[in-house]
S.K.: 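The following block contains the structure, expressed as C-alpha cells.
As the structure is a computational prediction, the values presented were derived from the model and not from experiment. Just so it is clear: chains get the letters A, B, ... in the order the sequence lines come, proteins before strands, and each one is counted from 1.
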Amino acid sequence: MTDTRTDAAAPSAMDRARGILSGALSGSGPLLGLLVLCTVLAVMAPRFLTVGNLFNVFQQITVLAVLSLGGTAVIITKGIDLSVGSVLGLGGAVAGWTFASAGLPMGVAILAGIAVGALAGLINGLLITYGRLPPFVATLAMLSVARGLALVITDGQPITGYPAWFRWVATFRVLGVVPVSVLIVAAMFVVGSMYLRYRPTGRALYAIGGNEEVARLSGIDVRRAKLKVYTAAGALAAVGGLFLTARLNSAQPTAGTTLELDVIAAVVIGGASLNGGSGRLSGTLVGALIIGVIRNGLNLLGVSSFWQQIVIGGVIAIAVMTDTLRKPAEG
Amino acid sequence: MTTSSALFACHGLRKAFPGVQALDDVDLEVLAGQTVALLGENGAGKSTLVKILSGVHQPDEGEMFLDGEPYRPRNAAVALDAGIGMVHQETNLLAELSVMENIAIGRMPLKRGLIDYRALGEHARTNLALVGLHDLDPATLVSGLSVGARQKVEIAKALSLDARLLVLDEPTAALSREDAQVLFGLIDDLRGQGVGFIYISHRLYEVPRVADAVVVLRDGARVAGWSRGDVPTDEIIRAMVGREVDQQFPTPPDTVGEELLRVEGLTRRGAFEDISFTLHRGEILGIAGLVGAGRTELARALVGADPLHAGTIHLDGRVVRVASPKAAADVGITMVPEDRKEHGLALDQPVRDNATYPMLDHVAERGLVRPSALNRLTSHLAARVELRGSPTQTAGTLSGGNQQKVVIAKWLPREPEVVIFDEPTRGVDVGAKQAIYRIITELVEQGRGVIVISSELPEVLGLAHRVAVLSRGRLTGQLPRAEATEQAVMQLAVEG
C-alpha cells in the first residue's frame with residue numbers, strides 16, 4: 001500500500017511544478033506576448049524602439065484604453081457594452097455643440113459631454129436591470145440611438161475650433177516626451193484597479209459575474225452595482241470622446257465607430273473572460289497596448305491598414321486560445 | 001460467485017490522480033437483477049469508480065467484465081452503447097428542450113433528413129411508460145417538470161438505450177419521501193426484468209429498502225462488503241468513517257425563549273397561501289412537506305429572494321419589510337439555499353471571496369476592503385465550521401460537505417436573528433452532517449431562531465422543537481416535538 005502511494009506522489013510533484021509555472025504565466029501571459037511583439041518589431045523596424053515612438057503608441061491607445069477601463073468592469077459582471085463607440089461620438093458632439101453652438105464655456109461643455117455619456121450608460125443599465133433586456137440587446141439599441149443623436153446634434157458635420165488649453169491635453173508633453181493624456185489615463189487605471197480590488201462595490205462585480213443569483217442571495221445589491229457599471233462605462237466613453245476631440249481639434253459625429261469591438265478585443269486579450277467573474281485592468285491595459293503596438297509597428301513597416309485588421313484578428317484568437325488551451329479540457 | 005455469472009464485475013481497479021490514490025485495488029460485482037449500494041463519504045472514490053465504468057476515466061490497473069466479456073470503455077459513448085446508464089443527482093437534461101428530445105438526443109429519428117416528430121413522440125411514450133409516466137405529454141418542456149419527474153425522464157432516457165446496468169447517484173436527494181417510494185418501486189420492477197443497479201446514496205436508511213448487497217469505500221479502498229441489504233446503519237457508518245460516530249441527531253437544546261418571528265397571512269400566488277406561524281428565540285422549527293408543497297418558495301420569500309403578494313412579517317414585535325435578500329439580511333433574516341451550486345456558491349470564484357460576500361460592506365475600513373481582512377475573516381470562519389480546504393482554491397473544487405460549510409459560514413459574522421436552512425445536508429457526508437448539526441445547535445444556544453426545511457423526514461423530526469407541515473402551498477398543521485411522528489407528519493403532508 002505504502003509503495004503505491006509513493007508512486008502516486010511522484011507525478012504529483014512534477015504536476016505541482018507545472019502548476020506553479022503555469023500559474024506564474026497565467027497572470028503575465030499577455031505581458032509576455034507584448035514583450036515578444038516589441039522585441040520582434042524592434043528588430044524589424046529600428047525606429048520602433050525609440051522613446052518618442054513608444055509614447056506615440058501610448059498616445060494612440062489613450063482613447064481605446066479609457067473605453068476599455070469601463071469595458072473591463074462591464075465584462076467582469078458578465079455583461080457587454082456595444083454602445084461605447086457611439087456614446088464616444090455622442091459625448092464629443094454634445095461637448096462640441098455646447099461650446100460652439102450654445103456658446104457656453106469649455107469647462108461646462110466638458111461636463112455636459114460627460115453627463116450625457118453617463119446618462120446613456122444609465123439608460124443602458126436601467127434597460128438591463130429593470131427592463132430585463134440582455135446587455136447585448138440593450139446596448140445594441142443604444143449603439144444606434146447614440147450614434148443617431150450625435151448625427152442629429154451636429155447635423156452630420158464636424159464641430160471644430162476649441163480653446164488652446166483644451167487641446168493642450170493632447171498636445172502638451174511633460175518634459176517634452178510624456179503626453180499629458182497618457183498621464184491622465186495611467187492615473188485612471190491606477191484608481192480603477194484600486195477600486196476593483198479594494199472597494200466593496202468593486203469586489204462585488206466579480207461576485208455578480210461569477211454567479212448573479214448567488215451574489216443577490218448574499219445580500220449584494222446587484223441592480224445598483226450594474227447601474228453603476230454601465231453608467232461609468234458611458235461616462236468613460238464620453239471622456240474618450242473628449243480626448244479624441246482634443247487631439248483632432250474637432251468633434252466628429254462618426255467618431256468611435258466600431259471602437260466597441262476594439263474594446264472587447266483589448267479586454268479579452270488582457271485575460272478577462274466573457275463568461276464573467278474574471279479580469280484585471282493591468283491585463284486590459286496590456287491588451288490595448290498589444291493592439292496599439294501592432295498598428296504602430298505595421299505602420300512603420302509600411303503594411304497596409306487592410307492587412308493590419310487581418311493581423312489583429314489573428315492576435316485576438318491566438319491570445320485567447322493560449323489562455324483557454326492551458327486549462328485542462330472538460331471531461 | 002464467479003465472474004462469468006455477474007452482469008458487471010471489476011477486479012483490482014486502481015486509479016491515481018495527482019496527489020491522491022482515488023481508487024486502490026477495488027473489486028465490485030453486480031448480478032443481473034441485483035442492486036448494489038455503493039457507499040462512502042465524499043471523496044471515498046465512488047465517483048471515480050463510476051466514472052471509470054462509464055468510460056470518463058481510464059483505470060491505471062485492474063480489469064472489468066460485462067457479461068463475462070472484458071470491458072474497457074474508451075469513452076462515455078462506448079459505455080452507453082454497452083448498456084451502462086447513468087442517472088445523476090443533478091439531472092443532465094436540457095431544460096429548454098422537450099422531454100422527447102431529451103430522451104432521444106443525439107439519435108433523433110429522421111425522415112427524409114428531417115426530424116420525425118411523430119416517431120420521436122412514440123419513442124418517448126414507450127420509454128416513459130417504463131418508468132410510470134404514462135400521462136406525461138412527450139412535448140412538455142423539461143423546465144416545467146418537477147425534480148422527481150426529471151429523474152424519471154432521465155431513467156427513461158437510460159432505458160431507451162437498452163441500459164442493463166444503471167448507476168443511480170443520489171437519486172432521492174431531491175425527491176420527496178413519496179416520490180422516493182415510487183422510485184424504489186420502479187427499481188424493483190426493473191430488477192425483475194434483469195436490470196442491475198449501482199445505488200449511491202448518503203441516505204443510509206434507504207439501503208435496507210433498495211439494496212441486495214452493500215459495498216463501502218473509504219479513501220479509495222473497499223473496506224467492507226455484505227451480500228445482503230439489511231445491514232445495520234451503525235455498522236455501515238463505522239466502515240465508512242473508520243471510527244464510531246454518533247449518528248443520532250443532536251437533541252435540540254432546552255433553549256426556547258420569547259417570540260422572535262411572527263408571520264401572518266403570507267401569500268405568494270402560485271406557490272403558497274395564507275401561511276401564519278411563529279418562531280421563538282432558541283427554537284428550531286422544522287418545515288416538512290412533499291416536494292412542490294411550497295417549502296422552498298416560502299423560504300425564498302422570507303428572505304426577499306422572491307416577492308410576497310400578501311402578508312406581514314414581524315421580527316421582535318416590529319413589522320419588517322424584506323424587499324430583497326439584502327434588506328432581509330439587514331434586518332437579520334438569512335437563508336442557506338437549497339441548491340448550493342446554483343444559489344449558494346460562485347463555483348469559479350475563490351473560497352475566500354465566496355465566504356465573505358455578505359461581509360464586503362462590513363469589513364471595509366474607510367470604504368476600502370483589505371484582502372488581508374478577508375483572509376483573516378475566512379480563516380476564522382473556516383475554523384468555526386471545520387472547513388477543510390484552502391481559502392484561495394475555487395469553491396467548485398471543494399467536496400460537497402465543505403461547499404455547504406462555506407454557504408453556511410458566510411452568514412455567521414452577520415449574526416442573523418433568523419437562519420433558514422433549506423436542505424442543509426443534501427449530498428453531504430456523515431462528518432459534514434455532524435458539523436452542520438453542531439452549527440445549528442450553536443445558533444439556537446445563542447438565542448437565534450432556526451428554520452430547517454428538509455426532505456429527509458428523520459432529519460426534521462430529529463432536529464426540530466416543533467414541526468410545521470405544508471401541503472400544496474398551505475400550512476396544514478404544526479406538531480410539537482413529542483407528537484411529531486413520521487406517521488402524523490405524513491398525514492398532514494398529504495392533506496389539502
S.K.: Quick check: do A/Arg199 and B/Val369 have side-chain heavy atoms less than 4.5 Å from each other?
M.R.: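 No, their side chains stay 4.5 Å or more apart.
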
S.K.: Would you mind checking which part of B/Leu347 comes under 4.5 Å of any heavy atom in chain A, side chain (CB onward), backbone (N, CA, C, O), both or neither?
M.R.: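 Looking at B/Leu347, nothing touches chain A.
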
S.K.: Using non-hydrogen atoms only, which part of B/Arg300 is less than 4.5 Å away from chain A: side chain, backbone, both, or neither?
M.R.: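 Just its side chain gets close to chain A.
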
S.K.: Heavy-atom distance under 4.5 Å to chain B: side chain of A/Ala215, backbone, both or neither?
M.R.: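 No part of it gets close to chain B.
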
S.K.: Please report the shortest heavy-atom distance between B/Leu360 and A/Arg203, naming the atom on each side.
M.R.: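 What the structure gives for the nearest pair is CD2-CD, 3.9 Å.
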
S.K.: Tell me whether A/Asn211 contacts the main-chain N or O of B/Glu342 through its side chain, where contact means a donor paired with an acceptor under 3.5 Å.
M.R.: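 Flag set: sc A/Asn211 to bb B/Glu342 pair under 3.5 Å.
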
S.K.: Which region of B/Ala329, side chain (C-beta onward) or backbone (N, CA, C, O), has a non-hydrogen atom less than 4.5 Å from a non-hydrogen atom of chain A, or is it both or neither?
M.R.: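 Neither; nothing under 4.5 Å.
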
S.K.: Do other residues, nucleotides or ligands put more than 12 heavy atoms under 6.0 Å from B/Asp348 CG?
M.R.: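 Counting neighbours around CG of B/Asp348, 12 or fewer heavy atoms of other residues, nucleotides or ligands fall under 6.0 Å, so no.
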
S.K.: Relative to chain A, which segment of B/Leu345 carries a heavy atom at a distance below 4.5 Å: side chain, backbone, both, or neither?
M.R.: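 The backbone, not the side chain.
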
S.K.: Kindly give the heavy-atom pair with the smallest separation between B/Pro371 and A/Tyr198, and that separation in Å.
M.R.: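 Looking at all heavy atoms of both residues, the closest pair is CD-CE2, 3.4 Å.
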
S.K.: Below 4.5 Å from any heavy atom of chain A, which atoms of B/Asp361 appear? Answer side chain, backbone, both or neither.
M.R.: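 For B/Asp361, backbone and side chain are both near chain A.
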
S.K.: Of the non-hydrogen atoms in B/Ala364 and A/Pro200, which two are nearest, and what is the gap between them?
M.R.: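 Smallest interatomic distance, heavy atoms only, reads CB-CG, 3.7 Å.
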
S.K.: From A/Leu217 CG over to B/Tyr357 OH, what is the distance, rounded to the nearest 0.5 angstrom?
M.R.: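 Answer rounded to 0.5 Å: 12.5 Å.
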
S.K.: Check whether B/Met335 gets within reach of chain A through its side chain, its backbone, both or neither, counting any heavy atom under 4.5 Å.
M.R.: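 B/Met335 touches chain A through side-chain heavy atoms alone.
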
S.K.: Consider side-chain contact (heavy atoms from CB on, under 4.5 Å). Of B/Arg340, B/Lys410, B/Lys341, B/Gln349, which one does A/Val214 pass it with?
M.R.: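 When B/Arg340, B/Lys410, B/Lys341, B/Gln349 are each tested with A/Val214, the side-chain contact (heavy atoms from CB on, under 4.5 Å) holds only for B/Lys410.
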
S.K.: How close do B/Ala305 and A/Arg216 get, heavy atom to heavy atom, and via which atoms?
M.R.: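 Minimum heavy-atom separation between B/Ala305 and A/Arg216: O-NH2, 2.7 Å.
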
